[in-house]
Amino acid sequence: MSSIRDRMNKLRGLSENNGPVEQTEEAVTLAPADDAEELGSSWEPLGVRLLQNDWGSFLIRRREYPLPYRHGHHQLSDLHLYASGLNAFHPGQPAISAGQILFLDLETTGLGVGTGNVPFMTGIAYVEKDSFVIEQLLIRHPAEERAMLAHLKQRVERHSYLATYNGRTFDWPVLAGRYIMNGLGRTMADPKHLDFLHPSRSIWRNTLASCRLSHVEEERLGIFRVNDLPGSEAPARYFRFLSDNDPEPLAEVFTHNELDMLALACLAVRFGLLLGGGLGTALEYPEGSEELLRTGLWLERMGMKEEAERLFDRLTNRDPSPSWCLPLAARDKKCGNWQRAVLLWQKAANSAEQSQLPVNEAHIELAMYFEHRSKDYERALHYTEHALELAMKRLSLYRNDPKRRSEVDAIRKRMERLRRKAGRYHA
Amino acid sequence: MNRLTGKAENLEEWLGILRKQPEIMENVTHWHTIPPRESQTAELPADLHPKLAEALRAKGIHALFTHQRDAYRAVRNGDHIVAVTPTASGKTMCYNLPVLQTVLEEDSSRALYMFPTKALAQDQVAELQQLADLMEADIKTHTYDGDTPPNVRQAIRNAGHIVVTNPDMLHSAILPHHTKWVKLFENIRYIVIDELHAYRGVFGSHVANVIRRLKRICRFYGSNPQFICASATIDNPGEHAERLVGEPVRVVDNNGAPMGEKHFVFYNPPVVNRQLGIRRSSVLETKNLASMLLKQGVQTIVFARSRVRVELLLTYLQDLVRKDVGPQTIRGYRGGYLPKLRREIERGLRSGEIRGVVSTNALELGIDIGQLQACVLNGYPGTVASTWQQSGRAGRRQGSSVTFMVASSNPLDQYIIQNPEFFFNRPPERALINPDNLLILIDHIKCAAYELPFEENETFGSEPLRDMLEFLVEEKVLHHVKGRWFWMDQSFPAHNISLRSAAQENFIIIDMTSGSRVLGEVDQFSAPTLIHEEAIYIHEGVQYQVEKLDFPEKKAYVREVDVDYFTDASMAVELKVLHVDKELQTGDIVRQYGEVTVNAKPTIFKKLRLRTHENIGSGPIHLPEAELHTSAYWFTFSEEAAARMGTNDMQFALLGIANVLVHIAPVYLMCDPMDIRVYPQVKAVHTQRPTIYFYDRYPGGIGLSERLFTVHDELLERAKDWIRTCGCISGCPACVGPIEEVGLMGKTHALELLQEGEGRS
């Protein structure tokens, strides 16, 4: 036991007996890598091979999927079909082809983008000829990182787009830091990102319990993983390997990462399809109105105005519910489409009046519309009175909530003003 | 004097009137007048960039003070410097000048400014921005702290010439993400550390390690910045700066700033019970003096030593002057107020809207509140350095200012107030740090490894680095391969390490009176005695009772109450010696220095009536015991002495000596009074003899008790003098303690014991 440990235990208030138990077996250190080294037999089941370059060596596991391969709802060959739709991510660029996209997903030793968070496994994938190629780069210890990064750099430079799930704020900044730390260029240009986390959140924020990749693919891409290692357990597997040099626990990390790569490809197909106007033909409309609404709003933000309008039209034929009427009306109000906004608010107002726990937002919006835009004070007053009624109904349920009280006060004030404007008060 | 309002024309006149009031003057033990100082100036340096010279002239600055010129020259010479001058002497110019000059000469140059608090950083940016605007130069100065909005962070990282931050931010945000700061670290020319004296004790020991890490990152990016430090007056600025930044540092202390006449008045509340040695409450006397000043329209700052006293004084003063100046013009200020409220108060003070402020030492640092005219200290602030800092809050370059120091009945206050020459002739205290405290060092080695792998031949601190790295490999947070040590753990080490032990995991105080809102915070050392269940917690003059203390979650739930008492809690302590490192003997007294463990547990609290402080009840405190492993110094009296004095008498004698020493010890240490604890034992387990222990209240120690071991002889000599010359008959709160505590013979026995100790050798 080192004397530092004795002293630390004391300072930490630990007696020598309840300190961390010391390993009795001799610590296994890594065999130094010779130039002509060979991989031990323990690596065989993992299907990895050694890769060497000017910067040293690391391991690579390469898999090829024939393009017709179907993964859940989508086929990998659909990448060719729908890649051009992804242009909406970078308007003004020449049409995107499947071969220009590099898919990337890191397995790191920790969280966050701090300098001590090391990507021990880097999964990349790309379309080459008739295959979807997955390369997984594993470093056996941090000193192999430089060689791995040099290899990765070539791959990144060969592609124009980087497809990830949260790569804009996580995977890429982590890598950019690693390049600096390893003295391999402080000026790696930021790639053109296709980060699928953002559209996933835009569309499924309210419909899915979580927007984790594994959850999205199960709920929306028809992919069901069996015995998948949770990504959060990957670092522990790697640390175990570092301490005993047995690569077996890493097998499941490889599999997990590989499935992430495939899911990324499927998401590229899905969003390319949506942006390319394939909803309703290549893919069924979502059942839920909320999802249809969010898809429309996202498409609109991505510049696909006509396609969005098509979805909104479809939506208005469905059963009205304040949950989608109100946000769509808000969008219409913002872009001056008053006609439909009023229609939607009226629908929402009707259904609110039948609800047990009514929301009076539509009534207030209508009151504002009739007061300020069409100057129809009688109708404005009508909706204001109803809004007050609903507010009182709610107030009786939430006794003494100061926020609701001030809401009621605001409605009363509006009512006063409207009565004056409508000429209800005569001297 | 204006006959109608009763107000004096100016402070001078009012002081003249005061001098003629016997009921005040009979309590004044010393009236010290510091004559006005002429300024000593030098021409603007010849090599100064024309734009910069122009901007200075536009601000009305046509010459530099001598210390500013010397600082400029030394920095241009390539020296690391520390500028040591009093409050309001134009200290910031010592670093702004060379930094701006360099940025003007070479636009890619960068500088990092570090201030102990966010508030100070914000003031600084405003000042730099003003200069940059005057120069019409595109010099970007930004604060980078917890309040910086995420959307501007990237711009600051890439383009900020001067980044102003605090050590905590450096520690947990900038250094662990250094790859985002390439532009800064590649081009960093200067590291500016202001308020150097604030980095002492545990905090300073941490900060010294943050600076080691900072230098390591700079080396990685091929830069080698110069340090420009500034400090309030302390005894060892050069040594302290060198320990903190790990480089030879040149001291610049030839202050050339002018100062108006300054009156320093020592005020000792009158004795009301000579038998018991009880004086009138210093709080009440402070209140009287402060309200006299406020009613005269003099903008006044009152410093009190505890949060409770701040709140008490605030309540009294707001009540008293309500009709004269209005309650919102007198405000409190202390840690635990939320930042927004503090900024509002600072602004009010600068604009003059706020006429009076009652503060803890929180306002001692260089937060910009302008210069006030009067200062009243409720009690000796604990150190000579602090006293000058606080008193410096009153004082202008022209015109007079006055500081009243109102002594409390504790022995240190009484000692200072009755020995003014001690205060005025003595150099201020030494700032002590121990960057190689093993606990602190290991923490920062983790952080450093996270930032960059350690190389084979690196050094970090004075402990052998290799052993520490091996230890961390065993702990499974580092991985050793190919001659380098890599961080290999899921955690982010800086998040679990707080630089400010006191601030570490503060307890949140939640007011449940109507709904729930966060009222303030209390550090974890103070929590057991301040916010135990049933405690009365005072905030902004309002009383709250703690209803529930959720110790594991670090939350206290309080409700507003209106009662006529406050609470005071006691702790039970047990001490065990583990190891003796040093031993010396003077006369019969053997003293030792070494390692100890201390177990402390809060036991009961007392309810004391407001104003009279009489005990009106008590209750138990149920909280877990805390164990502390630290360094300690102790001394023992001989067995003969023990035999001569009965156990009971010995108990009282030791307690009496301890009471005196614990108040005198801070004279030798620049520490918060709570950082060092004293513990007397009639028959100590370790020595089997009567013993008095002093220990550092931080795991591993930060050098306080070690320093006391060194000055032991002087310490006891002073204690003896003090007891001998105290005017009381048989013990009072100002020396060995009140007779209720040390018995009728406590004073005599304490003195006998001390004299006996030295008697034979």
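Chain letters run A, B, ... following the sequence lines, proteins first, then strands; residues in each count from 1.
- B:P453 and B:R216 make their closest contact through O-NH2, 3.2 Å (heavy atoms, listed as atom of the first residue, atom of the second, distance).
- Of the possible polar contacts, one joining the A:N53 side chain to the A:G56 backbone as a donor-acceptor pair under 3.5 Å is found.
- Neither the backbone nor the side chain of B:E470 comes within contact range of chain A; no heavy atoms are under 4.5 Å apart.
- Between B:H444 and B:H206, the gap from one ring centroid to the other is short of 6.0 Å.
- Using a 4.5 Å cut-off between heavy atoms, A:F120 does not touch chain B at all.
- In summary, the aromatic rings of B:F460 and B:W485 are positioned with their centroids too far apart to meet the 6.0 Å limit.
- Evaluated for a side chain to side chain contact (heavy atoms under 4.5 Å, CB included) with A:R140, the options A:L50, A:L242, A:V48 yield exactly one hit, A:L50.
- Classified by interplanar angle (parallel below 30°, tilted 30° to 60°, perpendicular above 60°), the ring pair B:Y221/B:F185 is parallel.
- For residues 111-119 of chain A, a heavy-atom distance under 4.5 Å to chain B picks out A:L111, A:V113, A:G114, A:T115, A:G116, A:N117, A:V118, given by residue number.
- Closest non-hydrogen pair, B:S223 versus B:I188, comes out as OG-CG2, 3.4 Å.
- Between B:F492 and B:H495, the ring center distance clears the sub-6.0 Å criterion.
- Of the N and O atoms on the side chains of B:H171 and B:R213, at least one donor lies less than 3.5 Å from an acceptor on the other residue.
- The backbone N or O of A:E107 lies less than 3.5 Å from no partner atom in the side chain of A:N257, so there is not a single donor-acceptor pair.
- At a heavy-atom cut-off of under 4.5 Å, chain B is reached by A:S232, A:P235, A:A236 from residues 229-236 of chain A, listed in order of number.
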